[in-house]
Engineer: 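One structure, pasted below without further comment.
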Amino acid sequence: MAHSKSRATDGKITYPPGVKEISDKISKEEMVRRLKMVVKTFMDMDQDSEEEKELYLNLALHLASDFFLKHPDKDVRLLVACCLADIFRIYAPEAPYTSPDKLKDIFMFITRQLKGLEDTKSAQFNRYFYLLENIAWVKSYNICFELEDSNEIFTQLYRTLFQVINNGHNQKVHMHMVDLMSSIICEGDTVSQELLDTVLVNLVPAHKNLNKQAYDLAKALLKRTAQAIEPYITNFFNQVLMLGKTSVSDLSEHVFDLILELYNIDSHLLLSVLPQLEFKLKSNDNDERLQVVKLLAKMFGAKDSELAVQNKPLWQCYLGRFNDIHVPIRLECVKFASHCLMNHPDLAKDLTEYLKVRSHDPEEAIRHDVIVSIVTAAKKDLSLVNDHLLNFVRERTLDKRWRVRKEAMMGLAQIYKKYSLQGEAGKEATKQISWIKDKLLHIYYQNSIDDRLLVERIFAQYMVPHNLETAERMKCLYYLYATLDLNAVKALNEMWKCQNMLRHHVKDLLDLVKQPKSEACSKAVFSKVMVITRNLPDPGKAQDFVKKLAQVLEEDEKIRKQLETLVSPACSCKQAEGCVREITKKLGSPKQPSNPFLEMVKFLLERIAPVHIDTESISALIKQVNKSIDGTADDEDEGVPTEQAIRAGLELLKVLSFTHPVSFHSAETFESLLGCLKMEDEKVAEAALQIFKNTGSKMEESFPHIKSVLLPVLQHKAKKGPPRQAKYAIHCIHAMFSNRDTQFAQIFEPLHKSLDPANPDQLITPLTTLGHLAMLAPEQFAAPLKSLVANFIVKDLLMNDRLPGKKTTKLWVPDDEVSLETLAKIQGIKLMVRWLLGVKNNLSKSGNSTLRMLTAILNSDGDLTEQGKMGKPEMSRLRLAAGCAVLRLAQEPCYHEIITLEQYQLCALVINDECYQVRQAFAQKLHKGLCRLRLPLEYLAIFALCAKDPMKERRAHARQCLVKNINIRREYLKQHASVSDKLLSLLPEYVVPYTIHLLVHDPDYVKVQDIEQLKDIKESLWFVLEILMAKNENNSHAFIRKMVENIKQTKDGQAPNDPKINEKLYTVCDVAMNIIISKSTTYSLESPKDPVLPARYFTQPDKNFSNTKNYLPPEMKSFFTPGKPKAANVLGAVNKPLSTAGKQLQTKLSRMETISNASSNSNPSSPAAVKEGWTAQRWITDGDKPRGRKRGGVSSQDEDSGQDPKPKRGRKKAANTSAGDGEDQWAEETHIDDISMETEDEQNSPPKKGRRGRPPKTATPKEETPSKGRRGRKKAAPPPEEEADEEEEEEDRDSENMEAKPKGGRQAKTPRRSQQSSRVETTEAADESVESTPQKRRGRPPKAAQQPAKKNVRGGRSRAAASKENESADEMETSQQSVEDEEEAEEEQQEEDEAESTTPKVRRKTGRRDRR
């Protein structure tokens, strides 16, 4: 080696054979040629050629001279670089270059040459590849470890390689680059931050997207060098995350992106970094926490990620961010949930609780995204979401925000269509989501027109898709209808009725548009436009658009004809689709993509287009029913028993016969219905009769062969069929045949003659038939009917008890256990009422006599003869029949006028009857009559007596009825400005005088100054005033105050000369005044108008009399607590959906008009109405005035407990009731096995005491013995064991367990609202039955004595909880009360029969309250 060095020092350069000297004196081409030969020589040399190595040492040094390293020609540089690479290979491990500067120059030179790798199509690419392969194979760059500038050399190399890599390179290029770079990291002593940045920068999303190959290269490098590079990565993150030294690297701002990429590359790279993220999750900086949450969402949610299992503390810490105080963080967590559910189903359990809390988040966007996350996962695979998660979506269908409700409803609809309609996941999945169809239809009960429109759209697109073939569509509808629950069926029926009503409105508008222009016509058009507007979203804007549409219809005949076709009863589904397409095409404009007018028209067309039902569809539906009847349908496969399917199919046809009667006009349809009449199932035959009634108006002329077969069947049903079939048969004859008088006579005569009171089983159908004949043809049978009523009904039937009733302590039994004699008596009462309703005048004074009869039944507790033969259930039935009969008569103006105040008050007490079912059924009848604006306003005051009902659901139902009726009246007044002169019969505030008068004459209000009785009065007044005062519209608080003041200046019209009655009147007025003063801040303002008081109830004010005395005892003042009344929640329908779209309210205001006197400032000339006495023909001979009911018994338990047997009124104070107790909402999701505890309905109520009328909780029926009690109302029996399947939906607006973390990191308290859904509920003894001993008070259920041992049971809502309810006034709620399933055309006729046809099913909710 010493010799070689001496040779080198000689300076003489030896070139390979055939290669001449290479210098600047030769041309570039010659230089390239000679260098190629040198490259070839060095390529062929190996490390063992010592002589050659010594020979060419000077050449090697020469090639490293600046002349070559800085040569301008790239080919020269490339060849020199190849030579140098081979020289490093040949002379390894000792390079011939000893100067550090020279080595740096050489390696920087080689690095620059590697840039040539970029152009894969270059002629020289193979030489560049050889260069790369050589230096990678030999690891030539490792020589630089000893150089001071090694970092600069390595960094430049890395940058160059990452720059040149592209998709033109094959796997070998990629592999050699990784080999070259990994050797530097693995074999070097350190990795500088600059070098690390050079690698990591390729992972940053912006760079990653620009050069995917560079990202892949960096990824491969990091995987290869994971163990060696991990400490340097950890140090980098430690500097940035923990120490906050962002200046250490330009990549500091991308730190979270890098963590994600590194985790995806190799989780071991971050073993020491992940614990730092847990610390960062608790940072006080919102933005920093948000970045970490976004990062971890991707890491936990990645498909193959096992981070949650491997690092449970980090997972739990991350879950805590679901409750973060910062909204974007909670939002990010919720968005992550869907990916997590889809990729990691095993984590669903952990997520469920947190998603539950967020589904009640105060932020709309978060609640919305909870729905999106759950629905997205469910649509991918239903098994990914558990029932709890689906339940969160279900709850949000009642959210207060439309956007959230819409998302939840659409999400459920999509899930239903995929898994139930299309059956993508089998029968188990279909069963799991079977509740969705019911839930979606229940939403139709909501007030919002947006909700109702969306339900209609969902029904047409997802539940029964309108684009299916007719037979398939009808099959889908048939089995859907058969599997819906009762409330959903009624909602669907209501939907069809609303759409049908709107079709009629549009048809009316078209008729008006075609008429010649006139002022009257313009007014009629405007009125119709307003009606249509109320059936569209955003009525304010829609009004202008409907006006514009009316104008377009007037001008454009083509559009008008298309719309006429669309609303025509004969329009087919295909025609409807074509009409809608043509109208939207004509009204649309390509230049105006967003057209609000067109959108509104689409909404309207969507509602009125018959996309499901036409003649072909009805025919297909009938065939489907026939298949079930014949046993050839696949009912069992659809999960529906055949009998249920047939009954549901007929019910469906019955509803459609009301909305689409013309579609039934085919011989095939009528023949199939004739077959149904002969079936044994009574319900099927009933439905068929109703269908004939609704659709057979043209049968005589169009289908004479059907008529000839049908008539004998109808006559037979009317004479000998079941009562309901007999009723419908009579109505069929009335509707279908022109010679109805002859047919009626043929039915009336034999039935009239065959009546025999000794055979009650042969009386029920004839009496039903005769009753309906009396109503439909009163003049035809005037004489025989009067004789029939006076002699047979009254004397032979009602005044005789032929058979002793079954002795039982029960107050109510099912229909099939009621004696035939009692059923006959009920039909007799109904016959009398129907006869009077048919006559519609009181010229013969029959109305007075009938009313005396009815009040006598009420006075005698239902046992008119008072012989003691009747059983308690029979007496309950007759009391209910008598009470409902009075309500029916009160709906006719001619009879309302003759109902005396005493009779009205006695009728009102039925709502406090001792029997639960009587109270329930009577309240339903009362509500129905009031909703139709048929019953006069004073009957609304009866609901005030429900404040004393011991059953929570009865009080809640009464409250709903009040809310709905008050809203109906207010809405009616808004829509009908012209009826302002009828304010006394319409304005809800005018119920206050009637309520005051009714409470004054309450039989339980005996002692004028008794505190307990006054508290009862206050409770009843507040029950009504709370809802009236919820909104101070037009300064109504001052109006009510003025009204009470005016009453105090009058005397009781019923007993003007009785000082005690008048003192009671003034005392009740003072109670009302104190309530108004304590609950209102605007009561002292000027009343908008002077109230007018009803002359029948109050005398004319005496101008010389100024009554300023305070009649309340001083102790009462403490019971009037200040505070605003809570907003009246408009719950779902009680009998029907709260507002029926397109439905015109009754306009017969005459039936509601009340004779009124003037205010205290006026002297009207009209005399007060003269009261009707017990005059004219007397059917009842015993007693000239209403008698109190018989005294009942008190349980021995009451006496044994040491309690005063006299029931006290009022409500108890809740003991240990937390401020966070649940809101008293009637919602949908309660478990059936829970027995609901009783909560109070008012806010800021006075201290509560024992409610009047509470039944004994501790005594079983067998233990009770009769005891003497005072005259008055009866004590209530508990409701029966069977419970209706009612669900509850809790609406929580505030977040639960929300973390409120200020900068100090402290957490705020959990909002109390979040705790409201967890109700503590108590249960009665499981075997407590409906049985009860004879009770002691008429009507009103008193409270029971409770055992002292039963304490700490929640009773009533605390004021704080009530105030919470006030905040949720705008929250959407739904009701369990079902809508009436009757067609409007026959509601009057069917109304009387409901009480007898079905036993009211009630929910038993008797919670125990502790006595304070």
Side-chain angles (χ1 to χ4, degrees), residues 682 686 689 714-734 743-778 780-803 815-816 818-839 846 849-850 853-854 857 862 864 870 874 877-878 880-882 884-885 888-889 1179 1386 1388-1398:
E682 288 187 15
E686 274 177 37
L689 284 168
L714 294 177
Q715 288 180 332
H716 176 76
K717 295 276 186 191
K719 293 174 185 176
K720 297 184 179 179
R724 288 179 70 80
Q725 291 187 27
K727 163 187 168 178
Y728 294 128
I730 292 297
H731 283 279
C732 273
I733 294 171
H734 184 262
Q743 308 299 337
F744 282 171
Q746 291 174 5
I747 296 169
F748 185 88
E749 293 303 328
L751 288 181
H752 185 204
K753 291 174 183 175
S754 67
L755 294 176
D756 180 5
N759 294 318
D761 57 325
Q762 303 296 319
L763 281 178
I764 298 170
T765 294
L767 287 176
T768 302
T769 302
L770 291 172
H772 286 280
L773 285 172
M775 185 163 65
L776 295 174
Q780 184 181 349
F781 308 108
L785 277 172
K786 187 167 185 179
S787 169
L788 171 70
V789 170
N791 297 320
F792 180 81
I793 300 296
V794 176
K795 290 181 181 176
D796 293 343
L797 188 60
L798 294 178
M799 297 297 291
N800 280 304
D801 293 334
R802 286 178 169 74
L803 301 172
D815 288 358
D816 53 5
V818 180
S819 71
L820 293 171
E821 185 177 8
T822 302
L823 293 175
K825 287 183 177 184
I826 292 170
Q827 284 302 329
I829 292 171
K830 291 183 175 182
L831 187 149
M832 286 196 299
V833 172
R834 287 170 183 151
W835 172 51
L836 291 175
L837 293 174
V839 173
S846 300
S849 304
T850 303
M853 167 70 76
L854 296 174
I857 293 173
L864 190 59
M870 297 189 73
E874 281 78 15
R877 294 273 180 169
L878 287 172
L880 174 61
C884 292
R888 287 281 284 149
L889 291 174
W1179 289 341
E1386 62 192 15
E1388 283 190 35
Q1389 290 79 20
Q1390 292 186 353
E1391 189 176 358
E1392 316 82 58
D1393 290 302
E1394 290 165 5
E1396 72 172 275
S1397 63
T1398 56

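Numbers here simply count residues along the sequence, with the first being 1.
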Engineer: Output the distance between atom CD1 (I733) and atom CG (L714), rounded to the nearest 0.5 Å.
Structural biologist: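 The CD1 atom of I733 sits 5.0 Å away from the CG atom of L714.
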Engineer: Is any side-chain heavy atom of R877 less than 4.5 Å from a side-chain heavy atom of D815?
Structural biologist: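 In short, these two side chains touch, coming nearer than 4.5 Å.
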Engineer: Indicate the atoms forming the closest heavy-atom contact of A729 with A718, along with that distance.
Structural biologist: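 The pair with the smallest heavy-atom distance is CB-N, 3.9 Å.
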Engineer: Would L831 and L788 satisfy side-chain contact (heavy atoms from CB on, under 4.5 Å), going step by step from the backbone distance to the final call?
Structural biologist: CA-CA 10 Å; L831 187 149; L788 171 70; 4.2 Å; yes
Engineer: Could you tell me if the side chain of L820 sits less than 4.5 Å from the side chain of N759, heavy atoms only?
Structural biologist: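 The answer is no, as the side chains (C-beta and beyond) never meet within the 4.5 Å cut-off.
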Engineer: Supply the atom-to-atom distance L836 CG to M775 CE, rounded to the nearest 0.5 angstrom.
Structural biologist: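 Spacing of CG (L836) from CE (M775) equals 12.0 Å.
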Engineer: Would you say that F792 contacts L770 through its side chain, given a criterion of any heavy-atom pair below 4.5 Å between the two side chains?
Structural biologist: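 Counting from C-beta outward, F792 and L770 never come under 4.5 Å.
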Engineer: Going by side-chain hydrogen bond (donor to acceptor under 3.5 Å, both in side chains), H772 matches just one of H734, H731, K727. Which one?
Structural biologist: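 Result: among H734, H731, K727, H731 is the only option passing the side-chain hydrogen bond (donor to acceptor under 3.5 Å, both in side chains) with H772.
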Engineer: Going by atom type alone, with no hydrogens or angles, which donor-acceptor pairs under 3.5 Å involve a side-chain atom of residues 743-750 and a protein atom two or more places apart or on another chain?
Structural biologist:
| from | atom 1 | to | atom 2 | distance (Å) |
| --- | --- | --- | --- | --- |
| Q743 | OE1 | Q715 | NE2 | 2.7 |
| Q746 | OE1 | Q715 | NE2 | 2.9 |

Engineer: May I ask you to test the M870-L878 pair for a side-chain heavy-atom distance under 4.5 Å?
Structural biologist: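 Yes, at least one pair of side-chain atoms sits under 4.5 Å.
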Engineer: Identify, with sequence neighbours excluded, every residue that meets side-chain hydrogen bond (donor to acceptor under 3.5 Å, both in side chains) alongside T822.
Structural biologist: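 side-chain hydrogen bond (donor to acceptor under 3.5 Å, both in side chains) check on T822 returns S819.
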Engineer: Between I826 and L880, is there a side-chain heavy-atom distance shorter than 4.5 Å?
Structural biologist: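 Not touching, per the 4.5 Å side-chain cut-off.
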Engineer: Calculate, to the nearest 0.5 Å, the distance between atoms CG and OG1 belonging to L763 and T768 respectively.
Structural biologist: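 Between L763 CG and T768 OG1, I get 10.0 Å after rounding to 0.5 Å.
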Engineer: Check whether any side-chain heavy atom of R724 sits under 4.5 Å from a side-chain heavy atom of E682, and report yes or no.
Structural biologist: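 SC-SC contact between R724 and E682 ruled out.
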Engineer: Indicate the atoms forming the closest heavy-atom contact of L854 with A885, along with that distance.
Structural biologist: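 Minimum heavy-atom contact is CD1-CB, 3.7 Å.
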Engineer: Say you draw a straight line from CZ of R834 to CG of L767; how long is it, rounded to the nearest 0.5 Å?
Structural biologist: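 Those atoms lie 10.0 Å apart.
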Engineer: With a 4.5 Å limit on heavy-atom distance, are the side chains of S787 and N791 in contact?
Structural biologist: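 The answer is yes, as the side chains (C-beta and beyond) meet within the 4.5 Å cut-off.
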Engineer: To the nearest 0.5 Å, what is the distance between CE on M832 and CG on L889?
Structural biologist: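 Going from CE on M832 over to CG on L889, the span is 9.0 Å.
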Engineer: Using every non-hydrogen atom in the two residues, find where P778 and L785 come nearest and quote the distance to one decimal.
Structural biologist: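 The answer is O-CD1, 4.3 Å.
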Engineer: So I829 and I857, do their side chains get closer than 4.5 Å, heavy atoms only?
Structural biologist: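 A side-chain contact under 4.5 Å exists here.
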Engineer: Is the backbone N or O of A726 less than 3.5 Å from a side-chain atom of T769, with the two atoms forming a donor-acceptor pair by type?
Structural biologist: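 No: the side chain of T769 does not pair with the backbone of A726.
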Engineer: In Å, rounded to the nearest 0.5 Å, how long is the span from CG of L689 to NZ of K717?
Structural biologist: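 It is 6.5 Å, given to the nearest 0.5 Å.
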Engineer: Which residues pass the salt bridge (Lys or Arg N to Asp or Glu O under 4.0 Å) test with E874, sequence neighbours left out?
Structural biologist: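 Salt bridge (Lys or Arg N to Asp or Glu O under 4.0 Å) check on E874 returns nothing, list empty.
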